[in-house]
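Before any comments, here is the structure.
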Amino acid sequence: AQSVSQHNHHVILSEAASLELGCNYSYGGTVNLFWYVQYPGQHLQLLLKYFSGDPLVKGIKGFEAEFIKSKFSFNLRKPSVQWSDTAEYFCAVNGGYNKLIFGAGTRLAVHP
Amino acid sequence: DGGITQSPKYLFRKEGQNVTLSCEQNLNHDAMYWYRQDPGQGLRLIYYSQIVNDFQKGDIAEGYSVSREKKESFPLTVTSAQKNPTAFYLCASNGGSGYNEQFFGPGTRLTVL
């Protein structure tokens, strides 16, 4: 069955620390991969996406993610986090018929 | 502005009552989706519709119903058969480009008392 696994449910960092959030997926077809972010009180919004080509994808606000096909992974990274990055982050993979399958989410808290 | 609107933002209902959540989009998207978000469980698909007058069950459709009479609108009814209806409900749409990117509304938080 198709699934997405996010290993870290809660992450706490200090400002300027580096961030890496893990995401592994299970899907047998051609993958489209996404990271969405939900800031407190705001809409769920797209952070970045991978469809094909360069496996290193750059998104908004200095985030990037690397697609490693052999590891079925799509980890999210940011070299230096800010307090404003406090949010919940969701990894998702296409599930066929324009559906998305989401991971359980990772809550990131960044302390000044 | 183009986007997805959901109303109301907060909704309270007594146990045993049906309640309908509104979702409207002006993005001219064919596909629309309803998700339920619970802490620690991510987003789970309730129903989706690829086109007007057609919809399919998602992973957790029991206790819910939908209709898609207009392209712009995809209301969700939470029925009394839903055993644990208190949750945050998100509506989304997709332009059908083949890349599956979805756009989300602000959500409705339903509390059943």
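Proteins come first, then strands; the chains are lettered A, B, ... in the order of their sequence lines, and each starts at number 1.
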Determine whether [X] and [Y] fall in the same hydrophobic cluster, where Ile, Leu, Val, Met, Phe, Trp and Tyr are linked whenever their side-chain heavy atoms lie under 4.5 Å apart.
{"X": "V37(A)", "Y": "L13(A)", "value": "yes"}
{"X": "Y35(B)", "Y": "L21(B)", "value": "no"}
{"X": "L48(A)", "Y": "Y25(A)", "value": "yes"}
{"X": "F90(A)", "Y": "L100(A)", "value": "yes"}
{"X": "Y89(A)", "Y": "V93(A)", "value": "yes"}

Nearest-0.5 Å distance, OH of residue Y36(A) to CZ of residue F104(B): 5.0 Å
Gap between atom CZ of F103(B) and atom CD of Q45(A) - 0.5 Å precision: 11.5 Å
Residues of residues 37-57 of chain B near chain A, each having a heavy atom less than 4.5 Å away: Q37(B), G40(B), Q41(B), G42(B), L43(B), L45(B), Y48(B), Q50(B)
side-chain hydrogen bond (donor to acceptor under 3.5 Å, both in side chains): pairs with one or both residues in residues 55-70 of chain A, sequence neighbours excluded: Y39(A)-K61(A), K58(A)-E64(A), E64(A)-R77(A), E66(A)-R77(A)
What closest approach, in Å, do [X] and [Y] show between heavy atoms, and which atom pair accounts for it?
{"X": "L90(B)", "Y": "Q38(A)", "answer": "CD1-NE2, 4.5 Å"}
{"X": "E101(B)", "Y": "L46(A)", "answer": "OE2-CD2, 3.1 Å"}
{"X": "P106(B)", "Y": "H43(A)", "answer": "CB-NE2, 3.3 Å"}

Selection from L44(A), V4(A), T106(A) maximising heavy-atom pairs under 4.5 Å formed with chain B: L44(A)
